[in-house]
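Presented below is the structure to which this report refers.
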Amino acid sequence: MEKKGKLRFKRILLKISGEALQGGKHFGLDSSTLISLAGEIKAVHDLGVQVAVVVGGGNIFRGTRNEGLIVDRVTGDYMGMLATIINSLALQSSLENIGVYTRVQTAIEMQKVAEPFIRRRAVRHLEKKRVVIFGGGTGNPYFTTDTTAALRASEINADVLMKATLVDGIYDKDPKQFSDANLFKHLGYMEAIARKLKIMDLTAVSLCMENKIPILVFNMNEKGNIQKAVKGANIGTYVS
Ligand code: UDP
């Protein structure tokens with residue numbers, strides 16, 4: 001285990017979208033992306049940081065927005081929540097493959113597959129240096145996994161919600177469309193809400209604001225970014 005330096009964050013909640021797990025593919029899981037993500041998580045875990053993860057499901061099923069499928073909104077949302085559990089199990093296997101102890105806890109009970117979500121147990125696992133992966137979203141339709149991340153971060157008293165994205169942080173306009181887009185280094189919660197930013201839904205930001213959980217939006221494709229952030233480097237956009 002690496003020597004512990006002074007850490008800015010000691011307990012983090014990492015939000016990984018489903019799309020981030022599909023790598024260059026159009027659907028499903030990409031093994032090299034999972035291997036690299038597991039390595040990044042192990043690196044911060046080895047520093048002594050307590051790591052909880054919320055995974056999305058958009059790479060497998062995204063509510064009723066999956067074209068052509070005849071499912072009602074609530075059924076679609078449950079299918080989306082189940083997709084996040086598939087992703088959680090994939091991440092769990094990738095982490096265990098490199099020797100990181102993990103637990104998956106699900107919001108929809110599925111005890112042959114994983115533990116149910118029990119807040120106190122989740123905190124205990126973190127204290128015992130297990131990475132805890134929260135699957136199944138909030139367990140309720142009409143929510144997102146960003147809101148799940150804000151909720152779980154609040155429940156476990158995380159020092160920060162780290163939202164992994166494919167860009168460097170929050171910009172004043174879409175950096176993929178506009179070459180003169182400016183990256184914000186810091187934003188207030190209210191400013192993030194007022195700008196109706198696409199990077200995170202309003203429910204999630206409001207929940208973080210109410211519970212004083214800062215949000216760090218960062219690029220997950222830059223190797224070492226999670227480590228840099230926990231050590232205090234000024235990466236991405238910090239919403240507080
Ligand atoms: N979902 C839900 N309730 C939750 C979390 C997720 O109904 O608490 C459903 C919703 O349909 C969502 C899908 O699961 O579209 C997948 O989650 P999300 O779109 O947030 O995943 P991501 O974009 O992070 O891959």
Side-chain angles (χ1 to χ4, degrees), residues 12-30 33-34 37 41 52-92 94 104-110 113-114 116-119 122 132-156 161-167 169-170 174 176 196-208 211 213 215-221 226 236 239:
I12 64 172
L13 185 303
L14 192 61
K15 161 71 206 298
I16 312 283
S17 73
E19 271 96 357
L21 300 179
Q22 70 192 26
K25 298 182 179 174
H26 294 294
F27 177 84
L29 292 159
D30 176 59
T33 305
L34 275 164
L37 174 64
I41 294 174
V53 189
V54 166
V55 235
N59 55 322
I60 299 172
F61 201 84
R62 180 173 285 282
T64 48
R65 284 154 287 161
N66 286 259
E67 275 171 31
L69 267 186
I70 305 166
V71 286
D72 59 70
R73 166 74 200 249
V74 173
T75 305
D77 280 348
Y78 276 114
M79 291 167 77
M81 287 183 260
L82 293 175
T84 71
I85 299 176
I86 294 177
N87 287 336
S88 299
L89 296 178
L91 181 60
Q92 175 175 48
S94 303
V104 173
Q105 291 201 340
T106 61
I108 296 170
E109 288 194 17
M110 212 182 270
V113 174
F117 169 66
I118 299 170
R119 188 183 70 87
V132 181
I133 306 166
F134 296 118
T138 62
N140 302 290
Y142 301 105
F143 287 91
T144 62
T145 48
D146 277 354
T147 300
T148 309
L151 177 66
R152 296 292 184 246
S154 306
E155 286 175 293
I156 64 165
L161 190 174
M162 293 186 62
K163 158 118 180 165
T165 63
L166 302 175
V167 290
I170 304 177
D174 187 347
K176 286 185 183 145
K196 291 201 172 70
L197 294 164
K198 279 197 196 126
I199 213 105
M200 195 167 229
D201 63 77
L202 299 185
T203 317
V205 181
S206 328
L207 200 54
C208 285
N211 297 313
I213 308 277
I215 305 164
L216 181 68
V217 181
F218 73 101
N219 190 339
M220 73 167 267
N221 285 337
I226 312 177
V239 183

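Note: hydrogens, waters and symmetry copies are ignored here, and every other heavy atom, side chains too, is used. Atoms within a ligand are numbered from 1 in the order they appear, just like the ligands themselves.
Each of the atoms 21 (O), 22 (P), 25 (O) of ligand 1 lies under 4.0 Å from some heavy atom of Gly58. The contact set between ligand 1 and Gly18, taken as ligand atoms under 4.0 Å from a residue heavy atom, comprises 22 (P), 24 (O), 25 (O). Atoms of ligand 1 found under 4.0 Å from any heavy atom of Gly56 (numbered from 1 in listed order, with element): 21 (O), 22 (P), 24 (O), 25 (O). Interface atoms of ligand 1 facing Lys15, defined by a heavy-atom separation under 4.0 Å, are 24 (O). Proximity to Asp77 (heavy-atom distance under 4.0 Å) selects the following atoms of ligand 1: 7 (O), 9 (C), 10 (C), 11 (O), 14 (O). Residue Thr148 has at least one heavy-atom neighbour below 4.0 Å for each of these atoms of ligand 1: 5 (C), 8 (O). Below 4.0 Å from some heavy atom of Ser17 lie the following atoms of ligand 1, by number and element: 24 (O), 25 (O). Residue contact check: Thr138 has heavy atoms under 4.0 Å from atoms 4 (C), 8 (O) of ligand 1.
Note that the CG atom of Leu21 and the CD1 atom of Ile86 stand 12.0 Å from one another [nearest 0.5 Å].
Below 3.5 Å of separation, one finds an N or O of Asn140 facing an N or O of ligand 1. Taking only nitrogen or oxygen atoms, main chain and side chain alike, Asp146 does not reach within less than 3.5 Å of ligand 1. Backbone and side-chain nitrogen or oxygen atoms of Phe143 are examined, and one is located within less than 3.5 angstrom of a nitrogen or oxygen of ligand 1.
With Asn87 as the partner, the side-chain contact (heavy atoms from CB on, under 4.5 Å) test is satisfied by one option alone out of Ile16, Leu29, Ile133: Leu29. Test Leu151, Asp77, Asp201, Thr138 against Phe143 for side-chain contact (heavy atoms from CB on, under 4.5 Å) and you get one pass: Thr138.
In plain terms, the two heavy atoms of Ala20 and Thr33 that are nearest each other are O-CG2, 3.1 Å.
Looking at heavy atoms from C-beta onward, Met200 lies out of side-chain contact with Ile170 at the 4.5 angstrom threshold. Residues Thr84 and Thr148 have side chains not in contact (no heavy-atom distance under 4.5 Å, counting atoms from C-beta outward).
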Discussion item. Using side chain to side chain contact (heavy atoms under 4.5 Å, CB included), reason through Val71 and Met79 one step at a time and then give a plain yes or no.
Written reply: CA-CA 10 Å; Val71 286; Met79 291 167 77; 3.9 Å; yes
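For Lys163 (side chain) and Ala149 (main-chain N/O), no donor-acceptor pair under 3.5 Å exists by modelled atom type.
Between the side chains of Thr147 and Thr144, at least one donor-acceptor pair of N or O atoms lies under 3.5 Å.
Atom 13 (C) of ligand 1 has its nearest heavy-atom neighbour, among Ala149, Gly57, Gly80, Ala204, in Gly80.
Counting heavy atoms closer than 4.0 Å to ligand 1, residue Met79 contributes nothing at all.
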